[in-house]
Number of protein chains: 2
Amino acid sequence: MRRITLDDVANLAGVSPITVSRVLRKPDVVSPALRLRVDAAVKELGYVPNLAASRLASSRTHAIGVIVPTLYNVIFAEYLFALHDVLVAAGFQVIVVNSRYSEIEEENAIKALLGQRVEAIIITGTHHTPLSRQLLTQAHLPVVETFELSPDPIDLNIGMSQEQAGQTATRHLIERGFRRIAFLTGNLDHRAQSRFEGYRVAMQQADLPNLPIVAERPRHSSVALGSDLFAITCAHGDVPEAIFCTDDNLALGAMQECRKRGIRVPDDIAIMGFHDLEFAACAAPSLSSVVTRRFETGKLAAEKVLAALASSARSKSEQIDLGYALIPRESTAV
Amino acid sequence: MRRITLDDVANLAGVSPITVSRVLRKPDVVSPALRLRVDAAVKELGYVPNLAASRLASSRTHAIGVIVPTLYNVIFAEYLFALHDVLVAAGFQVIVVNSRYSEIEEENAIKALLGQRVEAIIITGTHHTPLSRQLLTQAHLPVVETFELSPDPIDLNIGMSQEQAGQTATRHLIERGFRRIAFLTGNLDHRAQSRFEGYRVAMQQADLPNLPIVAERPRHSSVALGSDLFAITCAHGDVPEAIFCTDDNLALGAMQECRKRGIRVPDDIAIMGFHDLEFAACAAPSLSSVVTRRFETGKLAAEKVLAALASSARSKSEQIDLGYALIPRESTAV
DNA sequence: ATGAAAGCGCTAACAT
DNA sequence: ATGTTAGCGCTTTCAT
């Protein structure tokens with residue numbers, strides 16, 4: 001079962017291989033008569049061009065590599081959606097690899113993408129192994145680090161200050177008069193850790209004690225986890241006055257656990273989420289949260305990559321702060 | 001900025017290119033002395049093999065194509081997770097493409113994957129365009145259709161009867177004495193449609209009227225949508241006795257809308273979800289749902305593909321029904 | 001255990 | 001507008 005090649009099509013159509021190639025890539029350069037013959041032959045044989053050969057010959061892959069930590073988190077689904085939209089429309093293939101929050105797996109992902117000769121890499125976060133940094137730098141292709149701001153970007157950087165956002169959320173609770181404010185998280189990836197750092201700083205400035213509630217082993221954020229973690233806290237007998245969750249899923253879980261236990265939100269406890277997921281506004285009570293701009297992050301990252309690829313000139317490294325916004329709702333009302 | 005090639009490494013190491021190639025692919029065939037020299041040269045130059053060249057020369061891609069409708073739905077994230085685990089461990093690359101619930105985009109995805117010469121295709125659903133079917137059949141590679149059972153599988157098929165599941169869920173509500181049972185959905189992709197069909201049949205058999213509540217334009221399932229759709233229903237003045245939601249997200253949204261309106265679950269209205277998402281058990285009240293086996297689906301699909309690839313023999317087409325299970329919880333208690 | 005020669009299927013560059 | 005030639009960077013096959 002030999003696969004059909006360009007030559008087969010050329011033979012059937014009675015033209016040279018390069019003409020077939022042209023019909024497929026720049027049809028307007030070929031005379032209508034030949035074009036029709038070639039198209040017919042392509043269809044008849046069910047010819048599908050071999051991308052590997054094309055990539056090798058042209059040394060263009062039209063592929064962009066994207067590394068995300070996980071596919072479980074809607075945040076990244078939304079981000080990928082936006083990326084995809086822009087890049088596919090521009091004729092690029094998007095190759096998504098997930099690092100599972102591991103810097104080692106991230107390094108492997110980078111190697112795999114470079115092996116495929118992607119034309120640019122868009123990578124979540126700003127913390128990488130030394131080798132990862134080296135590979136990305138030496139590859140001489142556009143690199144975008146996203147979701148955080150780096151003190152020392154590899155190339156481009158589009159994100160927001162996770163720490164500032166953590167501070168803002170915590171201050172909101174402090175200003176409303178809460179003292180015993182807990183911080184709830186399932187894992188401490190770099191972004192959650194930065195938000196925690198913001199919380200810590202805000203609490204310290206207000207002369208209040210930290211109250212971290214962290215899952216024993218790292219787990220991805222989920223409603224069930226929020227419920228579990230809050231239940232454990234209650235079991236220890238110290239129900240806080242307010243909790244700041246690293247993520248709206250956790251917040252929703254905590255809220256449901258409150259309901260089960262007859263703890264009223266916000267009367268008995270205030271709950272603050274993060275990311276403003278779609279359900280935050282319609283939860284009962286509605287959930288205060290911090291809006292993050294993941295669609296914009298994806299869109300902008302893709303556009304910057306396209307721009308860098310278009311201007312063959314070495315793109316100057318650039319940092320863009322997309323910011324965030326706190327949305328107070330019922331769950332933290334006083 | 002020429003890229004480093006195998007020849008560069010060979011020159012630096014003072015060996016022939018083929019030796020470098022061997023060191024990279026079957027190190028135990030090369031003498032330790034040369035192996036060390038080559039490894040050093042690879043490291044020094046930061047050499048990363050060109051996958052396109054390797055694929056072209058060996059006519060093996062070690063790539064498996066996976067088509068899913070969307071990345072927004074956790075169902076598919078879980079499925080991909082399982083697929084990934086098995087396939088990556090076996091040395092394959094997984095190329096994920098989403099069809100956005102469009103058969104046309106699915107057709108394009110198939111073409112793109114075949115162009116990349118993937119060694120197998122795992123595709124969601126059993127409804128495809130005629131050309132899609134033809135391409136998949138003619139490609140002579142393992143194909144797995146998932147999540148549904150096909151009356152006429154292309155090759156392998158791993159799934160469950162969405163219609164049966166829809167019937168089971170509806171009967172559960174009927175048996176509990178509810179008469180005015182609504183069916184809530186945001187879109188009618190083939191799986192949702194089959195569940196609706198199951199609902200329709202069960203209602204007809206019980207001599208009860210249909211009460212479909214469908215979003216005006218197709219929207220992906222979300223908590224907010226569940227809330228919206230239920231609110232619209234209430235606005236029309238006809239609050240049903242029970243609702244069967246195509247998806248737990250919708251169910252949760254409906255539940256929250258009930259709370260806002262002072263409608264008690266399950267006292268005033270029963271709510272039934274689908275898929276048993278992680279939050280169903282910890283919702284307050286806990287949500288009755290239908291467990292579907294997406295991890296197993298992914299794992300099994302991957303294993304079947306590996307088996308088919310291992311035995312060069314033409315795999316016989318096979319159909320596996322993974323079933324489902326109804327979990328009654330508080331939201332439909334009487 | 002190592003190497004030389006040929007070729008995978010396409011496209012760039014240069015004719016005509 | 002169409003064709004010819006050469007070669008992309010690897011691996012296969014067949015020596016040695």
Side-chain angles (χ1 to χ4, degrees), chain A residues 1-39 41-42 45-63 91 93 111-112 114-119, chain B residues 1-39 41-42 45-63 91 93 111-112 114-119:
Chain A
M1 249 304 298
R2 228 189 76 268
R3 291 207 160 272
I4 309 298
T5 71
L6 204 67
D7 286 21
D8 299 325
V9 179
N11 286 338
L12 181 59
V15 297
S16 77
I18 188 67
T19 299
V20 178
S21 175
R22 288 204 183 99
V23 169
L24 265 27
R25 291 176 303 127
K26 9 185 141 160
D28 33 289
V29 160
V30 179
S31 70
L34 285 193
R35 203 190 311 153
L36 287 176
R37 269 203 286 161
V38 170
D39 280 335
V42 165
L45 295 174
Y47 169 65
V48 182
N50 185 327
L51 242 192
S54 150
R55 286 176 169 176
L56 183 58
S58 71
S59 61
R60 292 232 35 190
T61 58
H62 291 284
Q93 187 202 348
K111 285 180 192 154
L114 292 178
Q116 303 209 33
R117 299 290 186 269
V118 293
E119 301 187 12
Chain B
M1 247 303 298
R2 230 190 74 267
R3 290 207 160 272
I4 310 296
T5 71
L6 205 65
D7 286 20
D8 298 326
V9 179
N11 286 337
L12 181 61
V15 298
S16 77
I18 187 64
T19 300
V20 178
S21 175
R22 287 205 183 97
V23 169
L24 265 28
R25 291 176 304 127
K26 8 186 141 160
D28 33 290
V29 160
V30 180
S31 70
L34 284 195
R35 203 190 310 153
L36 287 176
R37 270 203 284 162
V38 170
D39 279 336
V42 165
L45 295 174
Y47 170 65
V48 182
N50 185 326
L51 242 192
S54 149
R55 286 175 168 177
L56 181 58
S58 70
S59 61
R60 291 229 39 187
T61 59
H62 291 283
Q93 188 202 348
K111 285 180 193 158
L114 292 178
Q116 304 210 32
R117 299 292 186 267
V118 293
E119 300 187 11

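Numbers restart at 1 for each chain; the letters A, B, ... are given by sequence-line order, proteins then strands.
Rounded to whole Å, the distance from CD1 on B:Ile4 to P on D:dC10 is 11 Å. Rounded to an integer number of Å, the gap from B:Asp28 CG to C:dT2 P is 12 Å. To the nearest angstrom, P of D:dC8 lies 18 Å from CG of A:Asn50. Taking atom NE2 of B:His62 as the reference point, atom P of D:dT11 lies 10 Å away to the nearest angstrom. Rounded to whole Å, the distance from CG on A:Asp8 to P on C:dC8 is 11 Å. The separation between A:Arg60 atom CZ and D:dG9 atom C1' is 19 Å, rounded to whole Å. Here D:dC10 presents its P atom at 10 Å from CG of B:Leu51, a figure rounded to the nearest Å.
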Quick tally for nucleotides 11-16 of chain C: nucleotides whose base has a protein heavy atom under 4.0 Å get B, sugar-phosphate-only ones S, the rest -, giving BBB---
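The residue among A:Leu56 and A:Arg35 whose nearest nucleotide of DNA chain D lies closer to the 5′ end is A:Arg35. Projected onto DNA chain C by closest heavy-atom contact, A:Asp7 and B:Val29 fall at different nucleotides, the more 5' of which corresponds to B:Val29.
As judged by a 4.0 angstrom heavy-atom cut-off over every strand, B:Leu34 is placed among residues touching the sugar-phosphate backbone only. A:Ser31 comes within 4.0 angstrom of sugar-phosphate atoms only, judged by non-hydrogen atoms across all strands, and of no base.
In this structure, A:Thr19 reaches the D:dG3 phosphate: one of its side-chain N or O atoms is under 4.0 Å from OP1 or OP2. Proximity of B:Tyr47 to the phosphate of D:dG9: no side-chain N or O atom is located under 4.0 Å from OP1 or OP2. Taking side-chain N and O atoms only, A:Thr5 has no distance below 4.0 Å to OP1 or OP2 of C:dG9.
In this structure, the side chain of B:Asp8 engages the main chain of B:Thr5 through a donor-acceptor pair within 3.5 Å.
Under the 4.5 Å side-chain criterion, counting only non-hydrogen atoms from C-beta, A:Val23 is not in contact with A:Val15. A 4.5 Å side-chain heavy-atom check between B:Asp28 and B:Arg35 finds every atom pair outside the cut-off. Inter-residue side-chain proximity for B:Ile18 and B:Ser21 is flagged as met; some heavy-atom pair is nearer than 4.5 Å.
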Step by step, work out the side chain to side chain contact (heavy atoms under 4.5 Å, CB included) result for B:Asn50 and A:Leu56.
-> CA-CA 8 Å; B:Asn50 185 326; A:Leu56 183 58; 4.3 Å; yes
Can you check side chain to side chain contact (heavy atoms under 4.5 Å, CB included) on A:Thr61 and A:Glu119, steps first, answer last?
-> CA-CA 7 Å; A:Thr61 58; A:Glu119 301 187 12; 3.4 Å; yes
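The CD atom of B:Gln116 sits 4.0 Å away from the CD atom of A:Gln93 when rounded to the nearest 0.5 Å.
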